[in-house]
Amino acid sequence: MAIVLMEEVLMGLDEVKGALDQAVTTLEDIIEDMSPDLGEDLQELLETSFFDPLQSRRDALDILLNRLSESVN
């Protein structure tokens with residue numbers, strides 16, 4: 001029962017990771033394609049307020065998923 005529960009948790013976290021990957025990729029594209037006319041302040045705000053935190057959460061989730069996968073196997 002515990003193994004089944006752990007596998008469900010892993011699948012759910014994989015879905016979260018997929019969503020974070022999508023968000024990071026989308027924000028990265030927006031930042032790269034942003035017109036300089038909109039100002040560097042907006043680009044920096046997007047990076048510091050959204051991109052960087054999402055990317056660090058995605059990295060933390062990768063570590064968590066690896067540890068959980070190792071504990072199941």
Value rounded to 0.5 Å, distance of [atom1] in [X] from [atom2] in [Y]:
| X | Y | atom1 | atom2 | answer |
| --- | --- | --- | --- | --- |
| E7 | L68 | CD | CG | 12.0 Å |
| L54 | D59 | CG | CG | 11.0 Å |
| R67 | D62 | CZ | CG | 12.0 Å |

How would you list, by chain and number, every residue that makes a salt bridge (charged side-chain N to carboxylate O under 4.0 Å, His left out) with D21, sequence neighbours excluded?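 By the salt bridge (charged side-chain N to carboxylate O under 4.0 Å, His left out) rule, D21 matches K17, R58.
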Step by step, would you call V24 with F51 a side-chain contact (heavy atoms from CB on, under 4.5 Å)? CA-CA 6 Å; V24 166; F51 180 77; 3.6 Å; yes
Scan the side chains in residues 26-35 for donor-acceptor partners under 3.5 Å anywhere in the protein, sequence neighbours excluded, and list what turns up.
residue	atom	partner	partner atom	Å
T26	OG1	Q22	O	2.9
S35	OG	D37	N	3.2

Not counting sequence neighbours, list each pair that qualifies as a salt bridge (charged side-chain N to carboxylate O under 4.0 Å, His left out) and has a residue in residues 41-56.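 Counting only pairs at least two positions apart or across chains, no salt bridge (charged side-chain N to carboxylate O under 4.0 Å, His left out) contact touches residues 41-56.
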Is it true that a side-chain atom of S56 and a backbone atom of P53 form a donor plus acceptor pair closer than 3.5 Å?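 Yes.
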Please say yes or no: joined through hydrophobic side-chain contacts below 4.5 Å, possibly via intermediate residues, are L38 and F50 part of one cluster?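 They do share one cluster, since a chain of ILVMFWY contacts under 4.5 Å joins L38 to F50.
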